[in-house]
Undergrad: 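This is the structure I want to talk about, given as structure tokens.
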Amino acid sequence: MSIATKYSPKEVENKWYSYWLEHKFFQSQPSEKPSYTIVIPPPNVTGVLHMGHMLNNTIQDVLIRKARLKGYNACWVPGTDHASIATEAKVVAKLKSEGVEKSSISRDEFLNHAWDWTNTYGGKILNQLQKLGASCDWDRVKFTMDDDLYESVIHTFIDLYNKGKIYRGYRMVNWDPEAKTTLSDEEIIHQEKQGKLYYINYHVEGTDETLCIATTRPETLFGDTAICIHPEDERYQHLKNKRAIVPVVNRSIPIIQDEYVDLEFGTGCLKVTPAHDENDKMLGDKHQLEVIDIFNDDATLNHYGLDYQGKDRFEVRKLFAKELEQKGHLIKVENHINKVGTSERTGAVIEPKLSDQWFLKMQDLAKPALDAVLTNKEVKLFPKKFENTYKNWLENVRDWNISRQLWWGHRIPAYYIGEGKNDFVVAKNADEALELAIQKTGNPTLSHADIHQEEDVLDTWFSSWLWPMSVFDGIRNPENEEFNYYYPTKDLVTGPDILFFWVARMIMAGYEYTDQKPFENVYLTGIVRDKQRRKMSKSLGNSPDALKLIEEFGADGVRVGLLLSNSAGNDLLFDEALCQQGKAFANKLWNAFRLIQGWEVSTEIEQPEHSKLALDWYAAKFQATLSEIEDHFSKYRISDALMQTYKLVWDDFCSWLLEIVKPAYQQAIDAKTLKSTLTLLEDNLKLLHPFMPFVTEEIWHNIKKRTTNEALIVATWPEQANFDVQFLKDFEITKDVISGVRNIRKEKNIAFKESLQLKLINNENFDAKFNTVVEKLCNLQPLQEVNEQVEGAFSFRVLANEYFIPIEGAVDVEAEKEKLFAELTYLQGFLKSVEKKLGNEKFVANAPEKVVAIEKQKQEDALAKIETVKTSLEALN
RNA sequence: GGGCGCAUAGCUCAGUUGGUUUAGAGCGUCUGGUUUACACCCAGAAGGUCGGGGGUUCGAAUCCCUCUGCGCCCA
């Protein structure tokens, strides 16, 4: 049978993915086995697969596949979230392109369009994940707007409201005038922007005097209700208790004093606009100032803006500055860099705005979430460094504004009865609301027509914070079998950018509703950037097409490429070369298999000594590496685990083991060696499978015919056994001897075909059994031990052993001497450093015995080696 | 302005409670190679004194201080 010299992933990947699906290997049901559960961070339903998803989901798949091999009942729950703002924006845009304005249709009509959109375009990303090899239980796909999850959200809202944790408040919120909704603090990106600082004169009422304020936002002047000065500011003492006149508007406003004013900034005079700045709001509350809101919902000015009514805030800024200038109020304009909040979703500049919103009190919820991570360590963050950030946020947590002025999402279950601020009830549905309303008002004649449900929906995170529970129906039905079996989940893999607004809140919800952690370990991945450290973004066009990458390098190649350079928490600088490396690795593995598979077996041949040794060595090496790999996994160092596996397979298995056991050209291999080699290859495949599921399953089935139950995906992870450390060390020395010979061949340009002699002075008393390995790999005649320097030979040393390759007449004595001198210099330098330590009385007295012993051993070794080098030098003289 | 973190080979990173031969890996670079598994390969080499300075210690990449540069979070 001839197989291609190059591994081609495409058909193989489709074949095995269908096979796994068909045989339901990804499916999980509660069983006797211990559970290992991961819930996917639900991607946005509007999303398409990007590099961040690829990394994130590759890591989850590695963890879940490894758990499956280790005999856990592995369950990976996939799903998407409804992404209120993003989805609503897409639907609005689509309707607009069809000539329909959102404002012209009813809420129900709009929701129908949104569902159509979701059903048509949504969830595409889940299909894309399959290409990556994701072994999710696809029978469990969830969506945050599914009926059961919707109910869970509503249930939670009502419960928290009844517990007194949800309240309505008139607060300063972050208003996105483009999406026309509020945003949470976390959804805002602060950017430095080049702006201007305008110096504007106000008349002091009843005098000829003026005072000058500095502002970055002259257009908010329409909403000014005070001027503020510092009580200790020498410059303005005479203004105390006077009033100022707002230019153009001609409104009289008080001049107040507050230590809040920064004496150094601008003129030391601050205009106060309580409706449009958080700090001004605070001043306004303190000094009982009037509040004048000058903006419409789309950030155009309302009637307070006088002539500018209906015009956009930025346009007004320019026009109004001009008017102020013409009228002599504008003194000067300076360039000024200030930080501006922009919407993560729409990019619009955020407008601080006062409005009625729903808030969730965070103080009590934060406490157990803080303890879980920092005190009880029930939830562990990887890498640990994020604990500080987590702590910082939770200790300074602010109430969560959970309402959004949108239609797409979970509609807040509050029903208004009248105009008053507290004239509402919270209930599961209109009927229950009516009942409550009658109770509350004592008016039995109320009907459905008298109550009206809140128009706003809940923040998307208010549904995803329940995700680990709600996907198993743990909110509505906490005693159900699945929830008890799968929850708490095991690992959560996500980005540090949502540590607060998702991870922390899930922990809060977990303790609030189950008194338990929602997951045990949180692995925080880095952000995928390009080679120049720029974030991948659509606008930069620096994000490669994920599916094309898979097409080009194979899913295994891309997975390996992404993982290789990614350590937890560090950003990943993506480079296609990494995928190329992954692809090459798959090909290497494929060819190793081809080699073994192509050997002809003979039962007549005895197992050669070198093969037996090499197989024993690899078995030991495998065990040593396995323990390192397990250690890496236990610390969530996935890339280190992969690199260990990579080197084990490429270097140890292919470059050493296979080269040693490989029969000579057109010779057969003995049956024993072949059998052992195949077993070892199978063990390799098990270790590799979580990283490279496709190529490993393919080779697994090519090795021999297997039944469904014998598929690699459900094989058994190799068991950890003891291994002989000394044996491994001896083999390393053997490798050094081989390198020594190879070096001489290379330096002296001696072809491999030319068989050589190797003689040694065995000062170290090495076991001669390793000689056969050296002979095989270096094409040598049987090694000979000698007692004296061999003349007319190239030489090298390994530890205190001396090796000689006799070559007639070809030895350049001077060159040899030079080489020996270099070695001698190094050794003497080394010896000096060791002896310096040993000569230090304090070192000998204070250092642990073990450390001193090591230094003494180093000294002895160095002395012995120096001796051999010197002897060689003398021999050349 | 407050807080946190980082700085080790050309690049990306390891280096676990300070001590196992004058610091490791992968990639890249360089040198050689038509050994029929693989050039998506094989063999080999060069390359850092651990950002600068100071301190603690018998001993510091590792602990402390300070300076410089960078990143992140919060205001």
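Lettering of chains follows the sequences in order, A, B, ..., and the numbering in each one begins at 1.
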Undergrad: Give the dot-bracket string for RNA chain B, reading 5' to 3', where a pair is Watson-Crick or G-U wobble with both distances under 3.5 Å, ( ) marks pairs inside the strand, [ ] marks pairs crossing earlier ones, | marks a partner on another strand, and . marks unpaired.
TA: (((((((..((((.....[....)))).(((((.......))))).....(((((..]....)))))))))))).

Undergrad: Nearest whole Å is fine: how far is B/C74 C1' from A/Asn388 CG?
TA: 14 Å

Undergrad: In whole Å, measure the gap between the P atoms of B/C27 and B/A37 for me.
TA: 23 Å

Undergrad: In whole angstrom, give me the gap between the C1' atoms of B/C6 and B/C13.
TA: 13 Å

Undergrad: Tell me whether the centres of the aromatic rings in A/Phe382 and A/Tyr523 are closer together than 6.0 Å.
TA: no

Undergrad: Would A/Asn702 and A/Glu698 count as a side-chain hydrogen bond (donor to acceptor under 3.5 Å, both in side chains) if you check the C-alpha gap in whole Å, the side-chain angles of each, and the deciding distance to 0.1 Å?
TA: CA-CA 6 Å; A/Asn702 269 295; A/Glu698 171 72 5; 3.2 Å; yes

Undergrad: Does A/Glu659 come within less than 4.0 Å of A/Lys662, counting only side-chain N to carboxylate O?
TA: yes

Undergrad: Are any of A/Tyr390's side-chain N or O atoms less than 4.0 Å away from OP1 or OP2 of B/G5?
TA: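 So the side chain of A/Tyr390 is outside the cut-off, no N or O lying under 4.0 Å from OP1 or OP2 of B/G5.
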
Undergrad: Taking atom P in both B/C38 and B/C42, what distance in whole Å separates the two?
TA: 11 Å

Undergrad: Quick one: A/Phe574 CZ to B/C11 P, roughly how many Å, whole number?
TA: 21 Å

Undergrad: Given atom CD1 of A/Ile498 and atom P of B/C73, what is their separation to the nearest angstrom?
TA: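 Between P of B/C73 and CD1 of A/Ile498: 14 Å.
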
Undergrad: Write down the distance between NZ (A/Lys635) and C1' (B/G15), rounded to a whole number of angstrom.
TA: 12 Å

Undergrad: Would A/Lys621 and A/Asp651 pass as an ion pair if we require N to O under 4.0 Å?
TA: no

Undergrad: With a 4.0 Å cut-off, would you call A/Glu732 and A/Lys729 a salt bridge?
TA: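 Salt bridge flag = no for A/Lys729 with A/Glu732.
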
Undergrad: State whether the number of non-hydrogen atoms from other residues, nucleotides or ligands found under 6.0 Å of A/Lys748 atom NZ is greater than 12.
TA: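 Correct, the count exceeds 12.
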
Undergrad: Run the side chain to side chain donor-acceptor pair (under 3.5 Å) test against A/Glu816 and tell me which residues pass, sequence neighbours left out.
TA: none

Undergrad: At under 4.0 Å between heavy atoms, how does the protein contact nucleotides 40-48 of chain B? Give one character per nucleotide, 5' to 3', with B, S or -.
TA: BSSBSS---

Undergrad: Atom NE2 of A/His632 and atom C1' of B/G15: how far apart are they, to the nearest Å?
TA: 11 Å

Undergrad: Does the protein touch nucleotides 18-24 of chain B at the base, only the backbone, or not at all? Give it as B, S and - per nucleotide, heavy atoms under 4.0 Å.
TA: -BBBB--

Undergrad: Report yes or no: does A/Asp277 contribute a side-chain atom to a donor-acceptor pair with the main-chain N or O of A/Thr273 at less than 3.5 Å?
TA: no

Undergrad: Could you tell me how far apart A/Leu573 (CG) and B/G71 (C1') are, to the nearest whole angstrom?
TA: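 Atom-to-atom, A/Leu573 to B/G71, this comes out as 13 Å.
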
Undergrad: Expressed as a whole number of angstroms, how long is the span from A/Asn392:CG to B/G5:P?
TA: 11 Å

Undergrad: P atom, B/A43 versus B/G26: distance in rounded Å?
TA: 12 Å

Undergrad: For B/U35, does either OP1 or OP2 sit under 4.0 Å from a side-chain N or O belonging to A/Asn779?
TA: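 A/Asn779 to B/U35 OP1/OP2: no side-chain N or O under 4.0 Å.
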
Undergrad: Check this for me: A/Gln781, atom CD, are more than 12 non-hydrogen atoms of other residues, nucleotides or ligands nearer than 6.0 Å?
TA: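 Correct, the count exceeds 12.
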
Undergrad: In plain terms, say whether A/Lys548 and A/Glu576 are close enough for a salt bridge, that is, a side-chain N and a carboxylate O under 4.0 Å apart.
TA: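 Looking at A/Glu576 together with A/Lys548, the answer is no, because their closest N to O distance does not fall below 4.0 Å.
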
Undergrad: Could you tell me the separation between the CD1 atom of A/Ile660 and the P atom of B/U35, rounded to a whole number of Å?
TA: 20 Å

Undergrad: Side chain to side chain donor-acceptor pair (under 3.5 Å) with A/Thr734: which residues, sequence neighbours excluded?
TA: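 Testing A/Thr734 for side chain to side chain donor-acceptor pair (under 3.5 Å), a comparison that skips the adjacent residues, returns none.
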
Undergrad: Looking only at atom C1', what distance separates B/U49 and B/U8, rounded to whole Å?
TA: 10 Å

Undergrad: Within the structure shown, what part of the strands sits under 4.0 Å from A/Lys662 by heavy-atom distance: base, sugar-phosphate, or nothing?
TA: base

Undergrad: Which pairs of donor and acceptor atoms, one on a side chain in residues 859-868 of chain A, lie under 3.5 Å apart (sequence neighbours left out)?
TA:
residue, atom, partner, partner atom, Å
A/Gln859, NE2, A/Glu835, OE2, 3.1
A/Asp861, OD1, A/Gln857, NE2, 3.0
A/Thr868, OG1, A/Lys865, O, 2.7

Undergrad: When the P atoms of B/G44 and B/C4 are compared, how many Å lie between them, rounded to an integer?
TA: 49 Å

Undergrad: Between A/Tyr803 and A/Asp736, does any side-chain donor sit less than 3.5 Å from a side-chain acceptor?
TA: no

Undergrad: For nucleotides B/C63 and B/G18, find the distance between their C1' atoms and express it as a whole number of Å.
TA: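 These two C1' atoms come out 8 Å apart once rounded.
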
Undergrad: When you match A/Arg594 and A/Ala577 each to their closest nucleotide on RNA chain B, which lands nearer the 5' end?
TA: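 Checking each residue's closest nucleotide, the 5'-ward one belongs to A/Ala577.
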
Undergrad: With rounding to whole Å, what would you report as the distance between B/G10 and B/C67 at their C1' atoms?
TA: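 To the nearest whole Å, 27 Å.
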
